[in-house]
Amino acid sequence: MLEINNLQAKIDDGKQILKGLTLKMNPGEVHAIMGPNGSGKSTLANILAGKGGYEVTGGSVDFLGKDLLELEADERAGEGLFLAFQYPVELPGVNGTYFLRTALNSIRKYRGEKPIEVRDFQVMIKEKAAELQLDPQLLSRAVNEGFSGGEKKRNEVLQMSILNPKLCVLDETDSGLDIDALQIVSEGVNRLRNKDNAFLVITHYQRLLTHIVPDFVHVMVDGKIIKSGGKELAFELEERGYSWTRDEANAGANNQAHL
Amino acid sequence: MDTNTDNSTQFLEEFSEREYKWGFTTDIESETLEPGLNEEVITFISKKKNEPEFMLQWRLEAFKKWKEMEEPDWAFINYPPINYQDIIYYSAPKSTAKYQSLDEVDPELLRTYEKLGIPLSEQKKLAGVAVDAVFDSVSVATTYKAELDKHGIIFCSISDALRDHPELVKKYMGSVVPHTDNFFTCLNSAVFTDGSFVYIPKGVRCPLELSTYFRINAKNTGQFERTLIIADEGSYVSYLEGCTAPMRDENQLHAAVVELIAMDNATIKYSTIQNWYPGDENGKGGIYNFVTKRGLCQGVNSKISWTQVETGSAITWKYPSCILKGDNSVGEFYSVALTSKMQQADTGTKMIHIGKNTTSTIVSKGISAGRGQNSYRGLVKMMKGADNARNFSQCDSMLIGSKCGAHTFPYIEVKNPTAKVEHEATTSKIGEDQLFYCNQRGIPTEDAVSMIVHGFCKEVFKELPMEFAVEARQLLAINLEGSVG
């Protein structure tokens, strides 16, 4: 589904962030990326979603057979890529339901489908909001305006469930959530999991991964993935921190140099 | 990868430099005077319109005063000096006869209206709009007269009002905006050629939205309308004013005067959409719009509400105001002003609280794009007798791109210790983050900008009558579906 090959990218002002990142994801899989602050996790999410302000200096990203980097951000969404934001922005005066219907219809239009009937949409949004225990009142307000941190994150998952993407990138979705909200958000994500879609979960902490259990865990340090493993790797990281993975990677590199 | 920053910046630039869609000229023979302004010209206009003698004297008095006045220069706008002797002060379609039905109206004229989407047609009739269309200074068609007659409502051109109701015109014209009020009102008072007159009798709720579409057409002709609306005790009227103008290279001067008078318990709602040619992206051409609009809440519990959507003109100088004289009277000002390309707008309001328990609300939304400059200038004045008067002002500015400007000049004068004045102001930039958020949800940038701008203006749009709100959305290149209100 997603093949990132030796991806290198820098911020427009010049600092190199991604230094040869490679990652392959298949449908039905959940991958977690963990790593210390500043390792480039959020940059990866932004570059995949097509945010401005970065320059890709090398490598490639293939998404469902298309060159992802050639597409505009809205086209990527149309192809089925969704980013759950770490800090969802507020859109003052833009009605939440209207926003979501416009988003859904834009994606349908991109795919050559007809716009959804207003009534069908209302039924759908009501159902999904109830599943996420999201106050329907929030949706008649402006997008994210005056929402609590938890409400914003639940709103992200609501949008995800309505837009039904093929690949979801969750950027620090657990930050700012209390235990209850974490539970609700995770359940929302787990409900969406199926054999045809995939999730890339970016997080600092292992605690999210006890709720959204990954198939693979990757450790990202200094712009690349230096270690990959199964879900048990997350526990090991929680216990031992990141430094040992770095040492291990360095040792590996040194050994190679000696050989 | 080429970054999206470039794309969205480029888009924002293109977005703010859209071509003016309504630029064209209608080929109708006009009866036009030579350029220049003097007593002969004024006398010609007055005679041409068969005006009563008092009107001519009034005009000449204004002209005399005007010659002694200086053009105001305090507004935050820049333009080359205007040569008032280069302007043509009278131009009228040749056939000035009134028509009994639309079939008799010059088809070329009707086609112009059609191109403009002006609702003279049956379809608009269904929407309940009576139109008094002003085409280059002379009214050519009035619909729905019968329906209005039934209620005793007078809705006609100022020229007709001078002929049929001279006593009303004499009593009220200049009573809110004295003909010598300022440089541009003097000019207007001397040379105005037409405009609308509305009188709503006691206790009558006007059953239709009254609508006048103005259009500047003949080359180099300044347009100087006057509008006078009187709402007698306990009456209600909603009045719509909408404008477009053909594409021109020379700047065209426009100096209108609008006066509103609300008696006891009367309400006047005045909505404007102004879409005159703004000039090109280098500031060439475009309308100069110097307008004086003022409403007098004469009676107790009266209310005057101004709503304006200003998207056109190269220069906008306009401060629709309320004099809150009657106790408990209410003044409102809702404004969206969009400046793009090289447009400059200095607009706002004045709320003068005289009576007790008077309240006023100001909501101003300025949007600057391209190299546009957008200023809010507002005065809130609480006079000595304005016990418990209250004002709330909110002035928000939005910047699109990095070459435009937004400015706020609030003036507050309070002479009564029980009065309350609140002022809030914000400035924001359409964020790359906001655009990216919308894009990431599949919404293309163009739609996203529209959505964000419309969200920003929502508080003002909801004050507009429905059909106007639709037009306003289009003008801001927004295609939302039925979300206003």
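Quick caveat: nothing in here was measured; it's all calculated off a predicted structure.
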Requested in this report: Kindly give the heavy-atom pair with the smallest separation between B/G442 and A/S106, and that separation in Å.
Outcome: O-CB, 3.0 Å
**Report entry** Inter-residue atom distance B/D447.CG - A/K109.NZ, 0.5 Å rounding
**Finding:** 7.0 Å
Query raised in the report: So, B/R441 side chain and A/L104 main chain: donor-acceptor pair closer than 3.5 Å or not?
Result: no
Query raised in the report: From B/I443 CD1 over to A/D74 CG, what is the distance, rounded to the nearest 0.5 angstrom?
Result: 9.5 Å
Requested in this report: Output the distance between atom CD (A/Q159) and atom CD (B/Q440), rounded to the nearest 0.5 Å.
Outcome: 9.5 Å
Query raised in the report: Contact part of A/P165 toward chain B, heavy-atom cut-off under 4.5 Å: side chain, backbone, both or neither?
Result: neither
Query - Region of A/E79 in contact with chain B, defined by heavy-atom distances below 4.5 Å - result: neither
Query raised in the report: Distance from B/H454 atom NE2 to A/L91 atom CG, nearest 0.5 Å?
Result: 14.0 Å
Report task. Please flag which part of A/D67 lies under 4.5 Å from any non-hydrogen atom of chain B: side chain, backbone, both or neither. Result -> neither
Report task. Identify, with sequence neighbours excluded, every residue that meets side-chain contact (heavy atoms from CB on, under 4.5 Å) alongside B/D396. Result -> B/K365, B/Q394, B/T426, B/F456
Query raised in the report: Non-hydrogen atoms of chain B under 4.5 Å away: do they reach the side chain of A/L100, the backbone, both or neither?
Result: neither
Query - Interface moiety of A/F82 toward chain B, non-hydrogen atoms closer than 4.5 Å - result: both
Query - Between NZ on residue A/K51 and CG on residue B/N439, distance to nearest 0.5 Å - result: 11.5 Å
Requested in this report: Report yes if the distance between the aromatic ring centroids of B/F436 and A/F85 is under 6.0 Å, otherwise no.
Outcome: yes
Requested in this report: Heavy-atom distances under 4.5 Å only: say whether A/L163 touches chain B with side chain, backbone, both or neither.
Outcome: side chain
